[in-house]
Each structure stands twice: as C-alpha cells, then as structure tokens.
Amino acid sequence: MATAPVSMEKLVSLCKRRGFVFQSSEIYGGFNGVWDYGPLGVELRNNIKAAWWKDFVHRREDVVGLDSGILASPRVWEAIGHVEHFTDPLVECRNCNSRFRADQIDLNKNCPTCGKKDWTDIRQFNTMFKTHVGPVEDTASIAYLRPETCQAIFTNFKLVQGATRKKLPFGIAQIGKAFRNEITTGNFIFRLRELEQMELEYFVRPGEAERWFNYWLEHDLSWLASLGVRRSMLHLYEHPETERAFYSARTIDIEYDFPFGRGELWGLANRTDYDLTKHTKSSGEELEYFDDETKEHLVPYVVEPSVGVDRMMLVALLEAYDEQPDKEGIRTVLHLHPRLAPVKAAVLPLVRKDEGLVKKARTIYDELRAELPVQYDETSTVGRRYRRQDEIGTPWCVTVDGQTLEDGTVTIRDRDSMEQGRFPADEVLSELQRRLRQPWTRPE
Ligand code: ATP
C-alpha cells in the first residue's frame, strides 16, 4: 500500500462524507475544540476502546477497571496542585490579540496571525474548566471538570485494593472523558477541549518503578504494532528534567509523525508516590498498601501509560488511509485492522432485480447481523459497492450471485488482497469469526 503522507484535507473530508467525524454545532458555525462522532466514528472509537480494554484489562490478571465521575470534590484538584499548576504558558499579541501557547511558537518571530512582533509577557493560564454545582454560583460551589481521568484512581486506590485484594504490582484502568480549556485547538481531532483518555495507573514497589516503566513502554509499542501502526512513524521523546511535570520522575512521549508535524500520541510517566502521598496528606486517609507477607506498610509508586482515544483514532485512520489508482480512477481504501473496522462485512446481492438473490442475501444479512456489525447494500454496480466498503475499511464483502442459488455458495472478497473465495452460505459467519480472530498484518 502507498506510504506517502496522507493529506489532512482528504482525511477530514472522508470522515465527514462517510459519517466518522462532524464538526460540533456545524449548523451554528461550529464550536472550537469539540467534534461529534458519527455512526462510523462511534463504532471505530468503541472498537479502539474495546481493544485497549481487552489488552490492558481483561487479558491480564493484574489489572482491574474503574469508571468514576467527571465531577469530583474540588479538594481532589486542590490537593494534587492542579488548581495552581494545571497550566499552560499563554502569550498574547498586543497588536491583534491572538493568543498562543508560548511553548508552541517561536517568540523571536512575528505573530503568525498579523505579522507584527509585539508580545505580552508570558503568563500561566489554568486549563481546567470550572463550573458550579447546585443552585448558588459562589466560590463555595465551584467544581472542576476533570482534566485527566487518573485522579479518581488514586482517590479510590484503597477501596479498589480492598475490594479486589490485588497484590503489588497491580493496575487500575479507566477510559473516560476529560476536559481541558486548551489555549489553541486544531489539527482536527488532535487537540481538543473535550477529549477522551485511556489511562492505566500501575502500582509497584518503589524500587521497581524503573523496570515497570520500561516494561510498559515496550508493551505500548507492541500494542500499537499489533494494530498496524508502523514503528517508523513513531518516535520516543524523553522529557529532560526541566520540562517534566512537577510530579514525574521520568516521562517519555510516544510521538507520531502527523501530516502537520510530530506530536504526542501517548504519554508514559513515572508519577512516583506523588499522587497517593498528596491525597493522604490532604484527606487524612492513609492511601498505602499493606504487605501481608512482610507486614510492611508502603506507598506504591505509579507508572502511568496514558493515551487519548481521539489521537489514537486519528493515528488509526492516517495509518489506514490509502489511495490506489485503478481502471476507474482512484480506489480509496482504509486498511483498518479488522478489530477496529466499524463494519466487519457487507452483504451484496450481485443484481438487485433478481428476487431470489435478494431474498438469499437478506437471509445471510439477518444471520450475520445478529452477531456482527454488518451492512447490506444492493444499490448500483457491485464494483461501486466494493469501493464504498473499501473507503470505510470494511474487511470483507459477501457477494450473493447466480451460483449461490445453484450450489448454496457465496464469495467472500478480502479488502486488502482483493482476493475472492467461495464458501457455503451457512459457513460465512464462522468463517468471518475465524478471520476476525486471526492476527492481521498491514499490507505492504
Ligand atoms: P500535549 O503536550 O499535546 O498538550 P499533554 O502532555 O498535556 O499533551 P497528557 O497530559 O500526557 O498530554 O495526556 C495524555 C494523553 O491524552 C496524550 O498523550 C494525548 O493522547 C491525550 N490528550 C491530551 N490532551 C489532549 C487534547 N487537548 N486533545 C486530545 N487529546 C489529548
């Protein structure tokens, strides 16, 4: 497949046209930093989250899940230092009032908006969204929308450990929305104000944090590879001490070569015992671990792999997008991993006018639909219908033709190789399920 860089314009247009991603409030001129996910988008996102949950929670003995509130006591954010420090450096152009993140532009250069050079001093801007809880809007009713999902994992640490009796090392995972009042948004779903994160807090003995840090780095990279993300598109960026968040002893970003430049996809941090210690001090509740065997009380260290669902979705789409010239022009294909593909198969009667074919095709469709997300399409030529499915990444097309009525077989066409094989109609479901379980390799 082509490995030339995909243009964002093409991808954004495909996402809109086929119902993956829509601009929020488009009929009102849009709303910055928020996108809505359409019928195929929601399926792709659910598949990404399900794949992560399966591989980071269900397939492991040492990780359990949590689903906490987006709102929490404001004391959580005070304790952890976010009310003071969850900030980005803000700089403003005095001439045109455009605002930028000071670490994302070159202040020796002129303003990218108006071309003048008249910068204000840099000030720290808190990116947590504030709201009020209850009917009175005063300082006592302030609450924050969580800017990261992990804090409730720390505040619930003792409850989860007590309920599950997990022994170190073990992890607590969570997938959920987070909100950041980013100074500038953009690059499609890369930088959002409403985002979703998949976070794992992995609790270890303090002396073992470095070893687990390396383990999770390898694990995250292999997970990306298993979904078809090319290693050559990924880069590791180790934060120097001066850049690290105040709670982190070590941070590596897994960056991806986006069409608009290199950017963070996944963060991996050794958060030490910072969070548990802060919450212990602030709440008076000892968030520690008691080792039955050694009879020792200890505050675990935490290694945190954290990835955004939206950025993962963007990477999956960019890695999948391909254009192949063919007889009829350009064939656009999304080579999505079948695990991630929003629609697993499409059932197509070769000709719409043949009642027998249509009836048979609908029977197969009904049978498949009970188990898998599938589509039925009988409009226009079969070639066009294949293309429509290729464009949304459907891995297999099941075609019902004249021979089906004679010998009960149908063809299954593979999106990547475009090869077709005949199978008895009543074995299609098991054949698709078999293929879905098989490892998948990205076509070269
Ligand atoms: P950046 O440096 O790009 O602002 P960050 O270092 O603040 O990101 P983390 O706090 O490490 O990001 O968040 C973990 C993950 O959550 C990121 O790797 C990214 O995938 C996702 N994420 C963070 N902020 C955003 C956002 N504004 N929009 C979409 N995804 C985000």
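Everything numeric here is computed off the predicted structure, so don't read it as measured data. Numbers for residues simply follow the sequence, beginning at 1. Just so you know, ligand 1 is whichever comes first in the structure, and atom 1 is the first atom listed for that ligand. Values below: all heavy atoms of this structure, side chains included; hydrogens, waters and symmetry mates excluded.
Contact check on Glu182 versus Arg193 returns no salt bridge, with no Lys/Arg side-chain nitrogen under 4.0 Å from an Asp/Glu carboxylate oxygen. Ion pair Glu288/Lys158 not flagged as a salt bridge, since none of the NZ, NE, NH1 or NH2 atoms sits closer than 4.0 Å to an Asp/Glu carboxylate oxygen. Checked for salt-bridge contact, Asp326 and Arg387 meet the test: a charged N lies under 4.0 Å from a carboxylate O. Between Arg45 and Asp310 there is a salt bridge, with a side-chain nitrogen of the basic residue lying less than 4.0 Å from a carboxylate oxygen of the acidic one. Ion pair Arg331/Asp390 flagged as a salt bridge, since at least one NZ, NE, NH1 or NH2 atom sits closer than 4.0 Å to an Asp/Glu carboxylate oxygen. The pair Arg230-Glu319 meets the salt-bridge criterion, since a charged nitrogen lies less than 4.0 angstrom from a carboxylate oxygen.
With hydrogens and angles left out, the side-chain atoms of His82 and Glu148 include a donor and acceptor closer than 3.5 Å.
Remark: ligand 1 atoms within the under-4.0 Å shell around heavy atoms of Gly267 are 18 (O). Near Trp266, meaning under 4.0 Å from any of its heavy atoms, are these atoms of ligand 1: 18 (O).
Given atom 17 (C) of ligand 1, the protein heavy atom at minimum distance is Glu264 OE2, 3.3 Å. The shortest contact between atom 29 (C) of ligand 1 and any protein heavy atom is with Phe190 O, 3.1 Å. For atom 25 (C) of ligand 1, the closest heavy atom belonging to the protein is Arg311 NH2, 3.5 Å. Remark: minimum distance from atom 14 (C) of ligand 1 to any protein heavy atom is reached at Ser306 OG, 3.0 Å. Protein heavy atom closest to atom 22 (N) of ligand 1, with residue, atom name and distance, is Leu195 CD1, 3.8 Å. Closest protein heavy atom to atom 4 (O) of ligand 1: Arg191 NH1, 2.9 Å. The protein heavy-atom contact nearest to atom 7 (O) of ligand 1 is Arg180 NH1, 3.0 Å. Annotation: atom 28 (N) of ligand 1 to nearest protein heavy atom, Leu192 N, 2.9 Å.
Formation of a donor-acceptor pair under 3.5 Å by the Thr87 side chain with backbone atoms of His85 is found in this model.
In terms of polar-atom proximity, Glu182 is counted as a contact of ligand 1, with an N or O under 3.5 Å from an N or O of the ligand. Checked by distance only, ligand 1 and Gly308 come closer than 3.5 Å through their nitrogen or oxygen atoms.
Residue-ligand proximity: Gln197 is placed with a non-hydrogen atom under 4.0 Å from ligand 1. Distances shorter than 4.0 angstrom occur between a heavy atom of Leu265 and an atom of ligand 1. Ligand 1 is approached by Arg101 to a heavy-atom distance shorter than 4.0 Å.
The side-chain tip of Arg271 does not point at the ring of Tyr301 from less than 6.0 angstrom away and within 45° of straight on.
Between Gly69 and Arg146, the closest heavy-atom pair is O-NH1, 3.3 Å.
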